[in-house]
Amino acid sequence: MSDCLFCKIVKGEIPSQKVYEDETVLAFKDIKPSAKEHYLFISKTHTKNVNEMSKNEPQSIVEVHNAIREFTQKEGLEETGFRVVTNVNKHSGQIVFHTHFHVLGGEQLRGFGA
Ligand code: 5GP
Ligand code: ZN
């Protein structure tokens, strides 16, 4: 989508600090980190949220989560622990309507049973 921020990051029109890339998936540092390590994993194919993704681009879910597995294993985040979060619409606080999975870690996280 031409007016989508994360599509512009995929196309290189807006710079990002990439941490992972393959044919279908891109991951980069969140510009305003909520944890010591905070990455955003996206499919290069635009969908607006995870529900649209699972309906229209189900393969993208597998591709993104394969990338998260590879990255977190390589970087040691699997060992220390991490959290995956995806926001949908208003009550979640979603502000970018290109499906993304927050990967948070690098320190003890609070809020969900911690
Ligand atoms: P949401 O609330 O939509 O789930 O989260 C969007 C995330 O994107 C936020 O954590 C925000 O800090 C991040 N973000 C917004 N604009 C940019 C940007 O231009 N570059 C990067 N790297 N992250 C961004
Ligand atoms: Zn997009």
Side-chain angles (χ1 to χ4, degrees):
M1 249 176 75
S2 57
D3 61 346
C4 167
L5 178 66
F6 287 176
C7 282
K8 285 181 182 164
I9 284 180
V10 169
K11 285 185 267 179
E13 292 171 11
I14 290 175
S16 68
Q17 287 185 274
K18 289 180 195 174
V19 296
Y20 176 95
E21 183 166 19
D22 65 30
E23 246 175 59
T24 58
V25 176
L26 182 67
F28 49 92
K29 290 186 180 177
D30 195 294
I31 207 169
K32 201 179 149 209
S34 297
K36 233 175 185 176
E37 295 191 52
H38 186 172
Y39 309 107
L40 301 173
F41 280 73
I42 66 172
S43 170
K44 292 179 179 177
T45 303
H46 180 92
T47 55
K48 68 181 179 200
N49 63 42
V50 67
N51 279 2
E52 187 180 279
M53 187 183 259
S54 68
K55 191 169 192 327
N56 297 343
E57 296 287 340
Q59 188 57 32
S60 293
I61 296 202
V62 176
E63 288 162 354
V64 168
H65 285 271
N66 279 338
I68 290 172
R69 186 189 66 250
E70 278 183 28
F71 177 79
T72 55
Q73 288 181 339
K74 187 162 168 268
E75 296 299 318
L77 272 169
E78 183 185 85
E79 203 176 328
T80 51
F82 66 95
R83 179 178 292 157
V84 181
V85 175
T86 192
N87 291 321
V88 178
N89 290 340
K90 186 167 179 285
H91 281 178
S92 72
Q94 184 180 11
I95 51 166
V96 178
F97 291 86
H98 180 126
T99 312
H100 52 280
F101 296 85
H102 298 258
V103 170
L104 301 146
E107 63 181 324
Q108 186 62 48
L109 302 172
R110 303 286 167 196
F112 291 96

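Predicted, not measured: the structure shown is a model, and the values here were computed from it. In each ligand, atom 1 is the first atom listed, and ligand 1 is the first ligand listed.
Ligand 1 lies less than 4.0 angstrom from a heavy atom belonging to V96. Residue contact check for ligand 1: Q17 places no non-hydrogen atom closer than 4.0 Å to it. The closest approach between a heavy atom of F101 and any atom of ligand 1 is not below 4.0 Å. Heavy-atom distances between G93 and ligand 1 reach below 4.0 Å in at least one pair.
Restricting H46 to its N/O/S atoms, the shortest distance to the Zn ion (ligand 2) is reached by ND1. Closest approach between the Zn ion (ligand 2) and any N/O/S atom of H98 involves ND1.
At a 3.5 angstrom cut-off on N or O pairs, H38 does not count as close to ligand 1.
Within a 6.0 Å radius of CD in E13, more than 12 heavy atoms belonging to other residues, nucleotides or ligands are found. Within 6.0 Å of NZ in K29 there are 12 or fewer heavy atoms belonging to other residues, nucleotides or ligands.
Contact annotation: for V85 versus ligand 1, there are no heavy atoms closer than 4.0 Å. When heavy-atom distances to ligand 1 are checked against a 4.0 Å cut-off, F97 has no atom that comes that close, whether in backbone or side chain.
Here the protein heavy atom with the shortest distance to atom 22 (N) of ligand 1 is K29 O, 2.9 Å. Shortest contact from atom 7 (C) of ligand 1 to any protein heavy atom: D30 OD2, 3.5 Å. H100 NE2, 3.5 Å is the protein heavy atom nearest to atom 6 (C) of ligand 1. Looking only at protein heavy atoms, the nearest one to atom 16 (N) of ligand 1 is L5 CD2, 3.4 Å.
Less than 4.0 angstrom separates some heavy atom of F6 from each of these atoms of ligand 1: 8 (O). Near K32, with a cut-off below 4.0 Å to any heavy atom, the atoms of ligand 1 are 12 (O). Interface of N87 with ligand 1, defined as ligand atoms under 4.0 Å from a residue heavy atom, comprises 1 (P), 2 (O), 4 (O). Numbered from 1 in the order shown, with element, the atoms of ligand 1 that lie under 4.0 Å from a heavy atom of H102 read 1 (P), 4 (O), 5 (O), 7 (C), 10 (O).
Considering the Zn ion (ligand 2) as centre, the angle to SG of C7 and to SG of C4 is 120° (10° rounding).
At distances below 3.5 Å, at least one donor-acceptor pair connects side-chain atoms of Q94 with backbone N or O atoms of K48. A donor-acceptor contact shorter than 3.5 Å is absent between the side chain of S43 and the backbone of V25. A donor-acceptor distance shorter than 3.5 angstrom exists from the side chain of T99 to the backbone of T47, with no hydrogens or angles considered.
Side-chain rings of H100 and H98 stay apart, their centers remaining 6.0 Å or farther from each other. For Y39 and Y20, the gap between ring centers reaches or exceeds 6.0 Å.
We find the CZ-CG distance between R83 and L77 to be 13.0 Å, quoted to the nearest 0.5 Å. Once rounded to the nearest 0.5 Å, the distance linking CG of D30 with CD of Q17 reads 11.0 Å. Put simply, CZ on F41 and CG on L26 are 9.0 Å apart, with the number rounded to the nearest 0.5 Å.
Of the listed residues (I95, I42, I31, V88), the one carrying the non-hydrogen atom nearest atom 17 (C) of ligand 1 is I31.
Residues E37 and F82 have side chains not in contact (no heavy-atom distance under 4.5 Å, counting atoms from C-beta outward). For the pair H102 and L40, the minimum side-chain heavy-atom distance is below 4.5 Å.
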